[in-house]
Amino acid sequence: MATYIELSQWPEPLQFKAFVNDGNGPVYPHRHKAIEIIQAITNQTRIGVAGQNFTLNAGDIFFFVSGQPHYFLPSPNSLRRVFQFDLALYDCQLMQTSLAAINATLAHRVQCSQAWPQSVQEAVSAQLAALFAAANDPGRRATIIGELYILLDTFVHQLPTSAGTPLQLLDHHALQAQTIAEQLTTIYDYIDNHYTQPITLADIAGVVGFNPQYFTRFFKKNTGSTFGSFLMDYRLMKASFSLVDSDASMSEIAEACGFQSVKTFHHEFKRYMGTSPLNYRKQQLMQ
């Protein structure tokens, strides 16, 4: 799926910021150079990354490595803390490493705190609390820098490593993972280009040369979602963008986002968001 590159705007020379954001509106698929850490505060935060959707409950943490595409699904009545910082803040010469090596190491750590040991999640939560408290105090820049070094040390040495592969199978599985990634990219691109039209299971399976039965198992195994649910979520995400960014009518948005009728669109949107499309638009325009 197409993503845009977000250029981080830093409030001062220190390339770090922390702020609170609500989940009422969608955030388009994007990537940025900065490391980003999300901590859910109230209710749920819904994240899309690597073809999967993650739901964070209050207190849960998720981090994105530099350059990793991601987006946020609308999560009504939720709040989350957002931390962003540039890896260039770290003195790589002093640590005898490189920015690329740090990012590569982080890429091999489990990104969602739901799979971290409780003690590690508590440690990271405390570090994030200290960072947030210091974020808007000009006299505590040394605190921010110090906490960022502690946070990096925790991420590198205490976060679980993503499921590894025995060395003797590394090449085989690396090639297999690359193939799966390419197949999923083909699937996502097809959805992105055709979600306005009806997409049958046979249609999407044929894109990667699978039969519908095998495709169903493949998609569920590698994304954690059924194709039907993923497509519905994608159409609803696109609809939520259109409701905020355009003055199109409900029927126009329903048709443009691939819904068979306005009634179906209204029903699915209300089920997904807890409010009608029209009320959602009014709420967003009032902010």
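Starting from 1, each residue takes its place in the sequence as its number.
At least one donor-acceptor pair under 3.5 Å links the side chain of His194 to the backbone N or O of Tyr190. Gln284 places no side-chain N or O within 3.5 Å of a backbone atom of Asn279 that could act as its donor or acceptor partner. Formation of a donor-acceptor pair under 3.5 Å by the Ser98 side chain with backbone atoms of Ala101 is found in this model. The backbone N or O of Cys257 sits nowhere less than 3.5 Å from a side-chain atom of Thr196 that would complete a donor-acceptor pair. Arg141 contributes a side-chain N or O that, together with a main-chain N or O of Asp137, makes up a donor-acceptor pair within less than 3.5 Å. Checking side-chain atoms of Thr154 against main-chain N and O of Val124 turns up no donor-acceptor pair under 3.5 Å. Ser229 places no side-chain N or O within 3.5 Å of a backbone atom of Thr226 that could act as its donor or acceptor partner.
Shortest non-hydrogen contact noted between Arg81 and Val20 is CG-CG2, 4.2 Å.
No option in Ser113, Ser125, Cys112 other than Ser113 meets the side-chain contact (heavy atoms from CB on, under 4.5 Å) test with Asp60.
Proximity of the aromatic rings of Phe83 and Phe19 is defined here by a centroid distance below 6.0 angstrom, and this criterion is not met.
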Could you go through residues 128-135 and list every donor-acceptor pair under 3.5 Å that involves a side-chain atom there, pairing it with any protein atom two or more places apart or in another chain?
none

N/O donor-acceptor pairs under 3.5 Å from side chains in residues 204-217, not counting sequence neighbours:
from   : atom 1 : to     : atom 2 : distance (Å)
Asn211 : OD1    : Gln213 : N      : 3.1
Asn211 : OD1    : Tyr214 : N      : 2.7
Thr216 : OG1    : Pro212 : O      : 2.8

Hey, can you pull the donor-acceptor pairs under 3.5 Å for the side chains in residues 84-92, sequence neighbours left out?
from  : atom 1 : to     : atom 2 : distance (Å)
Gln84 : NE2    : Glu36  : OE2    : 2.5
Asp86 : OD1    : Ala88  : N      : 2.8
Tyr90 : OH     : Leu148 : O      : 2.6
Asp91 : OD1    : Gln93  : N      : 3.2
Asp91 : OD1    : Leu94  : N      : 2.9

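Using modelled atom types, one finds no donor on one side chain facing an acceptor on the other under 3.5 Å when comparing Thr186 with Asp189. Looking only at atom types and distance, the side chain of Gln111 has a donor-acceptor partner in the side chain of Gln68 under 3.5 Å away.
Residues Asp192 and Lys238 are paired through a salt bridge, judged by an N-O separation under 4.0 Å between the basic side chain and the carboxylate.
Taking the six-membered ring where tryptophan is involved, the planes of Phe259 and Phe265 are tilted, since the angle between them lies from 30° to 60°.
In terms of hydrophobic clustering, with Ile, Leu, Val, Met, Phe, Trp and Tyr side chains grouped at heavy-atom distances under 4.5 Å, Met95 and Phe16 are assigned to a common cluster.
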